[in-house]
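A short worksheet on the structure shown next.
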Amino acid sequence: MTNQVAADKFINDLERVAQVRSSMSVCLSRLADTINQAELAGESSSGKLSLERDIEDITVASKNLKQGVFRLLVLGDMKRGKSTFLNALIGENLLPSDVNPCTAVLTVLRYGPEKKVTIHFNDGKSPQQLDFQSFKYKYTIDPAEAKKLEQEKKQAFPDVDYAVVEYPLMLLEKGIEIVDSPGLNDTEARNELSLGYVNNCHAILFVMRASQPCTLGERRYLENYIKGRGLTVFFLINAWDQVRESLIDPDDIEELNAAENRLRQVFKANLAEYCHVDGRDIYDERVFELSSIQALRKRLKNPQAGLEGTGFPEFMGSLNTFLTRERAIAELRQVRTLARQACNHTREAIERRLPLLDKDVNELKQRIGSVEPEFNKLTTIRDQFQKEIINTRDTQARKISESFRSYVLNLGNTFETDFLRYQPELNLLDFLSNGKREAFNAALQKAFEQYITDKFSAWTLTAEKDINAAFRELSLSAAQYGASYSQVTDQITEKLTGQQVRVNPAATPEDDNSPGWAKWAMGLLSLSRGNLAGVALAGAGFDWKNILLNYFTVIGIGGIITAVTGIFLGPIGFALLGLGVGFLQADQARKELVKTTKKELVKYLPQLAHEQSQTVYDAVKECFDSYEREVSKRINDDITSRKSELDNLLKQKATREINRESELKRLKNLQEDVIEQLQKIETAYSNLLAYYS
């Protein structure tokens, strides 16, 4: 596939998805308006059907769908050609290579009719708009200055949260948004800044370099922050063209093939484990050899130029498949589920209403009174599920906070082995030299920062797996409670109407008559709450990982590092000085360094474990509390709406004469209008599936 064919197909597919999103958004909006207008009309006829929850959910979903984008997070060490890659991807020299590596400014690139930048601050100041040249001038610093700031543990722009660059590019206009992060080989605080965006992105574009295959820093980052977290990562091996240039004889095809194959073996050995999905090896769909500078040069000369041999056609084809076929369809399936649910709720409410139109006030009161025991059963189901969530919350909060405490206390036992790969190259003469002692201390402190953040990350992965497992269990419980709840609501309907409820035994959980709150609790309706990135846990429709992230940053890795290094750097210095100028054996000096570091670290661990385990407890508790609050609210809303639906009819019966024929016509029209919008959504979704089949 030529580059232009790949690029055109990508743009066309993005446009197709954008059109389907737009049409579904319009249908959802009309669906909400139709139901809302019917509810207003009901106030002067047989009463509202109490469909407020459906109106709210589909209105939120419509808005989110209209604003939906595919968000890509670009990660990579400094000097890997991230900006060159991005410029080649968008076809314009938009991000000069001297901008991002030298700032702490995370940049969000999105569509705008005019080229402009908005700086968002973290200190309460109003956002500041700049033209692009002013942004580059104000927020670009010399690499040497950036390095100096890093050593001094200062940020270049401490008051800046992130920058939004708007640009009138077709790729962005069709729904792509790119988050360009600072280099990974930066301060740990900046690494955390990048990690904070991971959960809100559809995919990670991890940029590497052929001339520096899988560095220690890259392997460390992948192992500690990507592995096991269920993230979709595209690995882009940049500057592949330089493999030829590094050969003594660039025209020796045999030597070139051998050099490239050796490189491929290195990358595959290090990246293969990140390219398995559900037991399937998708390495060829996730790892790409790119020549970004060649691609950029060609596109700057001719935007329509073919990019064969640069790796871009293959990469864009794979990214296209992932975004428009896999992710878009998964998100739009949720929209369809939501629309089906609203349609079913409307139909069921109408079916309950019609047989009751002929009943007089006394008989209506009698029938409503007869279902009071069933309503009590609904509240019992709510209380049982609520109790299970709270018990799970308490168990997990205790278990995970105790896990944190034990993990921290055990760091001393494994420190001597674990810290070996972090400690800087030790030249005792450097340390004894006053001029180089500061640099040695800085290197040692950075090594300890990396050790602490990596160990902490390893623990959070364990915690996340435990929480995931707990929510999966709650998801199964939600399905069971939902089935019991539906049985009771069917009994209510049968008692009220005198007609048996028909149930489809072959319906899937997505399409069955499970109550809306149960579908939400099972994670089938996360889109209705605005989680467009789709990174929600398997058993709940909210992004619990962001709750954890917000709390865990409060634990303050930086504070731990500062406290511990502040304590042990002095004693370490004295220990090393005590070795004497004549003691130049590096191995012995390293052992002394590790021994002294461990001694000082162990002193601080009990205090750390005690102080921060409560923060961990609170974080885990809040994850489940958020879930419980939303589940309980949705169940309460459902019970209340069912009671209100009956009370509304009774009130109208008691105060006015209801024209049965006009009411039958009104409710029939409502059902037809709702079905019409649902059919449009079904058609749009089916057409998209057919296009990709």
Side-chain angles (χ1 to χ4, degrees), residues 31-56 341-383 482 484-504 513-517 634-676 678:
L31 185 59
D33 288 343
T34 297
I35 298 173
N36 189 50
Q37 290 300 319
E39 291 288 73
L40 293 174
E43 292 179 344
S44 58
S45 51
S46 67
K48 289 184 175 183
L49 299 174
S50 295
L51 297 168
E52 290 87 351
R53 166 58 75 181
D54 291 284
I55 295 172
E56 179 187 341
Q341 177 175 282
C343 188
N344 286 337
H345 287 172
T346 305
R347 176 183 54 77
E348 291 164 1
I350 291 172
E351 288 176 352
R352 285 192 296 270
R353 177 63 51 90
L354 293 178
L356 299 176
L357 289 176
D358 294 332
K359 311 302 177 187
D360 60 31
V361 171
N362 289 330
E363 186 174 358
L364 194 56
K365 283 183 178 178
Q366 182 182 356
R367 293 204 177 195
I368 292 174
S370 73
V371 296
E372 191 61 35
E374 278 70 29
F375 275 108
N376 291 335
K377 288 180 183 177
L378 295 183
T379 59
T380 298
I381 291 171
R382 176 202 65 195
D383 294 344
S484 300
Y485 192 95
S486 291
Q487 288 179 355
V488 176
T489 55
D490 287 347
Q491 292 167 9
I492 291 175
T493 300
E494 289 173 357
K495 274 191 173 185
L496 289 170
T497 65
Q499 300 171 1
Q500 190 170 1
V501 175
R502 292 166 297 174
V503 178
N504 179 8
N513 67 337
S514 296
W517 64 261
R634 285 177 174 268
I635 298 176
N636 288 334
D637 286 351
D638 188 80
I639 295 172
T640 300
S641 70
R642 290 175 185 277
K643 288 182 176 180
S644 297
E645 174 194 331
L646 300 173
D647 292 341
N648 293 340
L649 174 60
L650 184 61
K651 180 181 177 182
Q652 297 299 88
K653 281 271 188 181
T655 57
R656 61 164 45 90
E657 187 70 30
I658 298 173
N659 186 320
R660 186 179 187 279
E661 291 306 314
S662 65
E663 189 64 355
L664 282 173
K665 183 178 179 181
R666 184 182 75 85
L667 294 175
K668 181 183 177 183
N669 287 339
L670 168 61
Q671 183 156 329
E672 288 176 351
D673 291 345
V674 167
I675 290 173
E676 180 185 356
L678 174 61

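What's counted below: heavy atoms across the whole structure, side chains too, no hydrogens, waters or symmetry copies.
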Distance-only side-chain donor-acceptor flag, Ser641 / Arg53, under 3.5 Å
no
Minimum heavy-atom separation for Leu378 and Arg642, please, with both atom names.
CD1-CD, 4.4 Å
What distance do Asn344 atom CG and Glu348 atom CD have between them, rounded to the nearest 0.5 Å?
5.5 Å
Kindly say whether Thr489 contributes a backbone atom to a donor-acceptor pair with the side chain of Thr493 at under 3.5 angstrom?
yes
Donor-acceptor under 3.5 Å (Lys48 side chain, Ser644 main chain)
no
Contact summary for Glu39 and Leu51, nearest pair of heavy atoms:
OE2-N, 2.9 Å
Measure from the side-chain N and O atoms of Gln652 to the backbone N and O of Glu43, and report whether any donor-acceptor pair falls under 3.5 Å.
yes
Any idea which heavy atoms bring Arg353 and Gly47 closest together, and the distance?
NH1-O, 2.9 Å
Using side-chain heavy atoms (C-beta onward) and a distance below 4.5 Å, is Leu49 in contact with Leu670?
yes
I need the minimum non-hydrogen distance between Asn648 and Ser50, along with the two atoms involved.
ND2-OG, 3.5 Å
Would you say the side-chain atoms of Ser370 pair up with the backbone N or O of Arg367, donor to acceptor, closer than 3.5 Å?
yes
Judged by atom type as modelled, is there a donor-acceptor pair below 3.5 Å linking the side chain of Arg382 to the main-chain atoms of Ile639?
no
Taking all non-hydrogen atoms of both residues, which atom of Gln499 and which atom of Glu494 are closest, and how far apart?
O-CG, 3.2 Å
Leu364 and side-chain contact (heavy atoms from CB on, under 4.5 Å): which partner among Leu646, Leu356, Leu496?
Leu356
Would you say Asn669's side chain and Lys665's backbone share a donor-acceptor pair under 3.5 angstrom?
yes
Where Tyr485 and Pro515 come nearest, the two heavy atoms and their spacing:
CD2-CG, 3.7 Å
